[in-house]
Amino acid sequence: MEDYSHIVGDCRIDKLSLDFNSNTITFVMTRYREELEIIEVKFDGVINQDFKIIDKDNIVFGIEETDWNGLKSEFPDLMKWYKHYKSIAPEEKGMISDGTAKCFHIRGTAGLEGYIIAETIKIEKINSANKAQP
């Protein structure tokens, strides 16, 4: 399972976009190294997501791929609040089991702790002129 922490670690969240029509979640984050880096993290085919607290200027420590059992152990109340809202359907659990969908655990500051279950993740570094770097 992949660990994307080396790419997104110490990034400050500047923008979070949720598009329920296309089932996408996009984070735009900045990180200061030798120079400013702008990093976009996009999740496509989002099945479910939940965060304890998410605010502008939260710092992301890491995004790690996990499995269903890993999510349930990290978030024991997983789906507890979704009984009357949205739960993971058996076919969606099947997508997780067969690898079509993946579970991502997101850690950060100020209570930012959560997960996203999605089909894909795409991470792109963008320079200040909004052009992709090679």
Side-chain angles (χ1 to χ4, degrees):
M1 290 188 219
E2 294 285 327
D3 184 349
Y4 304 98
S5 301
H6 65 286
I7 301 170
V8 299
D10 298 329
C11 284
R12 185 186 78 218
I13 297 173
D14 293 321
K15 181 179 178 183
L16 170 65
S17 303
L18 295 106
D19 186 335
F20 295 111
N21 291 325
S22 64
N23 294 327
T24 61
I25 296 176
T26 306
F27 289 91
V28 177
M29 305 182 286
T30 54
R31 175 170 58 187
Y32 297 93
R33 298 291 175 169
E34 288 90 42
E35 58 186 48
L36 176 70
E37 294 178 329
I38 300 171
I39 299 173
E40 181 181 88
V41 180
K42 183 175 183 182
F43 295 90
D44 286 310
V46 175
I47 293 172
N48 206 316
Q49 57 80 33
D50 194 20
F51 293 93
K52 292 184 179 172
I53 298 173
I54 187 161
D55 288 318
K56 183 177 180 358
D57 295 330
N58 276 141
I59 305 295
V60 174
F61 292 149
I63 298 175
E64 301 157 2
E65 222 175 277
T66 187
D67 59 12
W68 181 251
N69 290 331
L71 272 188
K72 286 194 317 188
S73 69
E74 285 293 324
F75 302 96
D77 292 334
L78 186 65
M79 300 303 134
K80 178 181 179 180
W81 309 112
Y82 290 99
K83 286 182 181 176
H84 303 290
Y85 172 63
K86 180 182 178 183
S87 61
I88 299 291
E91 60 271 11
E92 292 169 336
K93 284 184 186 175
M95 291 174 67
I96 296 166
S97 297
D98 71 17
T100 305
K102 298 178 181 179
C103 304
F104 302 93
H105 179 191
I106 300 171
R107 300 175 290 107
T109 61
L112 174 66
E113 182 84 14
Y115 67 87
I116 295 176
I117 301 171
E119 292 177 13
T120 62
I121 182 174
K122 179 182 175 189
I123 300 175
E124 182 177 4
K125 289 185 182 181
I126 302 171
N127 66 16
S128 58
N130 287 333
K131 294 182 182 175
Q133 293 180 356

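Note that the structure is predicted; figures quoted are calculated from it, not measured. Residue indices begin at 1 and follow the sequence shown.
Using a 30° and 60° split on the angle between ring planes, F51 and F27 fall in the perpendicular class, above 60°.
The CG atom of N58 sits 11.0 Å away from atom CD of E113, with the distance rounded to the nearest 0.5 Å. Distance CD1/I25 to CD1/I106: 7.5 Å, rounded to 0.5 Å. Separating the OH atom in Y115 from the NE2 atom in H105 is a distance of 11.5 Å, to the nearest 0.5 Å. Put simply, OG on S97 and CH2 on W68 are 9.5 Å apart, with the number rounded to the nearest 0.5 Å. Of the inter-residue distances, the one linking D10 atom CG with Y32 atom OH reads 13.0 Å to the nearest 0.5 angstrom. A distance of 12.5 Å separates CD1 of I38 from CZ of R31, quoted to the nearest 0.5 Å.
Every residue meeting the side chain to side chain donor-acceptor pair (under 3.5 Å) condition with S5, not counting sequence neighbours, appears here in chain and number order: D3. Among residues two or more places apart in sequence or in another chain, the side chain to side chain contact (heavy atoms under 4.5 Å, CB included) test is passed with T100 by M95, D98. Judged as a salt bridge (charged side-chain N to carboxylate O under 4.0 Å, His left out), and not counting sequence neighbours, the contacts of R107 are E64. Scanning for side chain to side chain contact (heavy atoms under 4.5 Å, CB included) contacts around K122 gives E124, with sequence neighbours left out. Taking the salt bridge (charged side-chain N to carboxylate O under 4.0 Å, His left out) definition, one finds that D67 meets it with nothing, sequence neighbours left out. Not counting sequence neighbours, the partners of T24 by the side chain to side chain donor-acceptor pair (under 3.5 Å) test are S22. With sequence neighbours excluded, no residue satisfies side chain to side chain donor-acceptor pair (under 3.5 Å) with E74.
The main-chain N or O of I59 is found under 3.5 Å from a side-chain atom of T109 such that the two form a donor-acceptor pair. Remark: the backbone N or O of G114 is not paired with any side-chain donor or acceptor of D50 at under 3.5 angstrom.
When hydrophobic clusters are built by joining Ile, Leu, Val, Met, Phe, Trp and Tyr residues whose side-chain heavy atoms come closer than 4.5 Å, directly or via intermediates, F61 is not grouped with I63. Note on M1: it does not cluster hydrophobically with I117, by side-chain heavy-atom contacts below 4.5 Å among ILVMFWY residues.
Side-chain atoms of F104 and Q49, non-hydrogen and from C-beta on, never get closer than 4.5 Å to each other.
Looking at every heavy atom in both residues, M29 comes nearest to V60 through SD-CG2, 3.6 Å.
Here salt bridge (charged side-chain N to carboxylate O under 4.0 Å, His left out) pairs that include residues 14-28, with residues two or more places apart or in two chains, are R12-D14.
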For residues 39-47, which side-chain donor-acceptor pairs fall under 3.5 Å, sequence neighbours excluded?
none

